[in-house]
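This report concerns only the one structure given below.
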Amino acid sequence: MFLYETPNKAKKYFTIKSIISTAIVLVVINLLLNSLWLKTMYGQAYMYYLSARAITQVVVFPIYVTSIVLLEKALKKPIKKYLYKEEQIEE
């Protein structure tokens with residue numbers, strides 16, 4: 001929902017929005033909650049899982065952001081053609 005925009009709205013902040021949304025998902029879900037669930041299931045220390053996952057998230061973060069931005073640029077026109085009526089779209 002954070003990345004959603006109406007078809008006529010300017011898309012000058014898409015990269016910033018994709019960075020923020022990816023960071024929220026990686027930190028809150030992948031780093032904090034997954035570490036908590038693994039600690040609950042297997043009983044090892046929370047910091048053990050947190051430190052192991054932090055390294056992975058630092059490596060994966062730029063890959064996720066780059067893929068989101070590149071996919072948005074590549075799929076912008078085909079998606080607009082099927083989702084919106086022609087009169088709604090301003091190029």
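Sequential numbering from 1 along the given sequence is applied to the chain's residues. Side chains are part of it too, since the values below use all heavy atoms of this structure and drop only hydrogens, waters and symmetry mates. Note that the structure is a prediction, hence the values are computed from the model and not measured.
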Check your understanding: With a cutoff of under 4.5 Å between side-chain heavy atoms, which Ile, Leu, Val, Met, Phe, Trp and Tyr residues group with Tyr48?
Key -> Leu38, Met41, Tyr42, Tyr49
Practice item. Group every Ile, Leu, Val, Met, Phe, Trp and Tyr by side-chain heavy-atom contacts under 4.5 Å, then state whether Ile24 and Ile16 land in the same group. Key: yes
Check your understanding: Can you hop from Val27 to Ile55 via hydrophobic side chains spaced under 4.5 Å?
Key -> no
Review point. Is it the case that one hydrophobic cluster holds both Leu31 and Leu36, taking links as side-chain heavy atoms less than 4.5 Å apart, direct or via other members?
Key: yes
Point to revise | Approximate separation, where rounding is to 0.5 Å, of Leu70 CG and Leu75 CG | key: 10.5 Å
**Study point:** Interatomic distance, Asn30 atom CG to Gln57 atom CD [nearest 0.5 angstrom]
**Key:** 4.5 Å
Review point. Which heavy atom in Ser35 sits nearest to a heavy atom in Arg53, and how many Å separate them?
Key: OG-CD, 3.3 Å
**Study point:** Test side-chain contact (heavy atoms from CB on, under 4.5 Å) applied to Tyr46 and Thr40, step by step
**Key:** CA-CA 9 Å; Tyr46 181 73; Thr40 303; over 6 Å; no
Point to revise | Ile68 side, atom CD1; Ile63 side, atom CD1 - distance, nearest 0.5 Å | key: 12.0 Å
Check your understanding: Any idea which heavy atoms bring Gln44 and Lys39 closest together, and the distance?
Key -> O-CG, 3.0 Å
Practice item. Each residue besides Val59 in its hydrophobic cluster should be listed here, by chain and number; the cluster joins Ile, Leu, Val, Met, Phe, Trp and Tyr at side-chain heavy-atom distances under 4.5 Å. Key: none
Exercise for review: Enter the distance from Leu50:CG to Asn34:CG here, rounded to the nearest 0.5 Å.
Suggested key: 11.0 Å
**Study point:** Counterpart residues, side-chain contact (heavy atoms from CB on, under 4.5 Å), relative to Val60 (two or more places apart)
**Key:** Thr56, Tyr64
